[in-house]
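Scope of the values below: all heavy atoms of this structure, side chains included, with no hydrogens, waters or symmetry mates. Proteins get letters first, then strands, A, B, ... in listed order; numbering begins at 1 in each.
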Protein chains: 2
Amino acid sequence: MSLMRIGEKPEIARLPLFRDMDDAMRERVLSGSFLQVFPPQLTLFERGQQADFLHVLVDGLVELYVSGTGRDTTMKIVEPVTSFILAAVMTDLPYLMSARTLTSSRVLLVPAALMREVIRKDTALMQATMHELALGYRDMVRALTDMKLRQSAERLANHLLEFSAQRGNAWDFELSGEKRVLASLLGMTPENLSRAFGTLKEQGVSVNGARVRIEDRAALAAFARPDPVPADR
Amino acid sequence: MSLMRIGEKPEIARLPLFRDMDDAMRERVLSGSFLQVFPPQLTLFERGQQADFLHVLVDGLVELYVSGTGRDTTMKIVEPVTSFILAAVMTDLPYLMSARTLTSSRVLLVPAALMREVIRKDTALMQATMHELALGYRDMVRALTDMKLRQSAERLANHLLEFSAQRGNAWDFELSGEKRVLASLLGMTPENLSRAFGTLKEQGVSVNGARVRIEDRAALAAFARPDPVPADR
DNA sequence: CTGACTGTTTGACCAAGATCAAAAGCGCGC
DNA sequence: GCGCGCTTTTGATCTTGGTCAAACAGTCAG
């Protein structure tokens with residue numbers, strides 16, 4: 001158990017999840033947790049396991065995925081600084097998703113029992129947890145509708161617009177992670193992702209390796225028919 | 001606003017959401033709410049609207065759906081007694097889904113502001129809300145993986161098994177609602193649902209109108225390859 | 001009972017995306 | 001720089017599920 005100075009990471013304390021809680025309580029949580037470094041491509045946990053730790057990705061890139069019969073599908077790509085698998089920890093139920101690092105990553109591991117105990121005592125933490133779960137739920141609603149009523153090129157278009165929005169509406173950016181992972185996230189094969197980029201070229205999107213440039217945001221938005229209800233975060 | 005004696009409905013007080021809260025607080029919530037009867041096919045609210053009420057379906061059948069460009073898709077069929085759209089109410093964000101009654105329904109409408117106010121004061125309610133949201137999140141994770149890595153007949157098979165499980169593993173039951181709605185819930189067209197029932201006939205499923213009979217549960221389960229992690233509720 | 005309306009089923013065909021195979025491109029170690 | 005291994009792309013083909021059209025079944029009003 002490689003302990004590290006957690007106090008050095010103020011971004012953890014500034015997370016929406018921990019931000020509003022009592023200082024002493026936060027200290028209690030953080031001092032009971034530990035920060036660990038993982039190499040790329042390492043499985044952090046698997047679907048079906050008991051949820052022993054709340055994870056907070058401090059640095060790196062993590063993939064949440066489900067491996068069914070034969071094929072896998074990635075459910076989410078976690079970027080720092082974000083907590084993940086809150087729901088399993090909260091309910092003390094087995095993980096529904098597996099997690100692996102995509103790049104070398106630093107993860108804060110908060111023991112699930114500790115988390116549940118402190119949540120019961122600290123109302124602000126409970127409220128933040130509730131809020132986080134509600135936003136997570138809404139994310140999933142969006143993802144499911146996206147999957148159910150958009151076709152592949154539209155899903156890609158929307159993803160690019162959202163990704164761009166996350167980086168301050170940059171019209172030129174680098175995709176994080178491999179394209180095969182992106183394909184799986186968007187519910188298509190890598191071959192099809194490639195072709196989808198092809199059809200977006202006609203809507204003013206140019207791709208060179210991981211570098212994507214949105215030449216004509218309006219055209220892309222018209223093609224993507226984005227969600228009328230704006231994203232929550 | 002047709003008020004009704006809410007005290008007559010103890011199943012509301014017994015809901016997981018309200019069960020553990022302070023009695024006086026519960027009384028406050030319920031007396032500030034009202035029970036209303038809606039005819040079939042009535043829209044209760046639409047995606048994009050401000051979330052004014054937490055809804056609790058007391059009686060009847062409600063469909064949560066999203067209407068995108070051209071097509072619709074149903075996200076959930078709500079059976080009594082269940083609360084719905086908790087996440088929108090909690091976060092005070094616009095609804096992500098629309099709702100309509102499928103049959104004549106009685107719905108308890110809890111003003112969202114009241115709900116949020118009482119949640120802040122009553123820790124047990126907050127905890128129950130948190131738990132409910134976590135379970136809802138997990139439901140959506142399941143639905144999304146189902147959509148992403150199972151094909152249509154498998155989705156139907158799984159749905160039938162789960163539906164059967166909900167009714168105490170009955171091997172013979174009635175589908176609730178129309179088949180077109182079920183098709184939409186499962187992410188396929190009515191035509192395809194019909195064909196999917198056809199392929200399940202070979203796995204020992206017989207259908208007559210809304211009546212479904214599972215002749216060989218083992219064969220159906222083998223075909224469906226159900227989720228290794230058991231359902232939460 | 002009959003006819004109109006609606007929902008379901010069946011069949012023929014079409015389109016989106018998956019699969020298979022092979023060629024490029026790219027990164028990395030030697 | 002060169003070659004190996006892996007990802008990405010391109011092309012050809014196949015499968016799944018969607019679309020369109022028509023037959024069929026069930027319900028309800030008259």
- Task: Would you please confirm or rule out a distance under 4.0 Å between OP1 or OP2 of dG18(D) and any side-chain N or O of Thr189(B)?
- Result: yes
- At under 4.0 Å, does any side-chain N or O of Ser152(A) touch on OP1 or OP2 of dG17(C)? yes
- Hey, does the side chain of Asn192(B) come within less than 4.0 Å of dG18(D)'s phosphate (OP1/OP2), counting only N and O? yes
- Message: What I want to check is whether the side chains of Thr101(B) and Gln41(B) have a donor and an acceptor closer together than 3.5 Å.
- Response: no
- Task: Could you tell me whether the side chain of Asp172(A) reaches within less than 4.5 Å of the side chain of Val212(A), counting heavy atoms only?
- Result: no
- Item | Basic-acidic side-chain contact under 4.0 Å: Arg180(A), Asp72(A) | no
- Message: Mind checking if Arg71(A) touches a base, just sugar-phosphate, or nothing, with heavy atoms under 4.0 Å?
- Response: sugar-phosphate
- Item | Euclidean distance, atom CG of residue Leu156(A) to atom C1' of dA16(C) [Å, nearest integer] | 15 Å
- Item | Atom-to-atom span, CD of Glu178(B) to C1' of dC5(C) - whole angstrom | 13 Å
- Task: From the options dA16(C), dT10(C), dT10(D), select the nucleotide whose nearest atom is closest to the side chain of Gln151(A).
- Result: dA16(C)
- Message: How many whole angstroms separate atom CD of Glu191(A) from atom C1' of dA21(C)?
- Response: 10 Å
- Item | Atom-to-atom span, CZ of Arg195(A) to C1' of dA18(C) - whole angstrom | 9 Å
- Arg150(A) or Asn208(A): which one's nearest nucleotide on DNA chain C is closer to the 5' end? Arg150(A)
- Message: How many whole angstroms separate atom CE of Met188(A) from atom P of dT9(D)?
- Response: 12 Å
- Query: Which of the following nucleotides, dT19(D), dG18(D), dT8(C), is nearest to the side chain of Arg180(B)?
  - Reply: dT8(C)
- Message: When you measure from the centre of the six-membered ring of Phe163(A), is the NZ or CZ of Arg167(A) closer than 6.0 Å and no more than 45° off the axis?
- Response: yes
- Message: Nearest whole Å is fine: how far is dT8(D) C1' from Leu182(A) CG?
- Response: 13 Å
- Does the side chain of Thr145(B) come under 3.5 Å of the side chain of Arg150(B) through a donor N or O and an acceptor N or O? no
- What nucleotide, of dT19(C), dA21(D), dT9(D), holds the atom closest to the side chain of Lys179(A)? dT9(D)
- What's the CD-C1' distance between Gln41(B) and dG7(C), to the nearest Å? 13 Å
- Item | Between P of dA16(C) and CZ of Arg155(A), the distance in whole Å | 13 Å
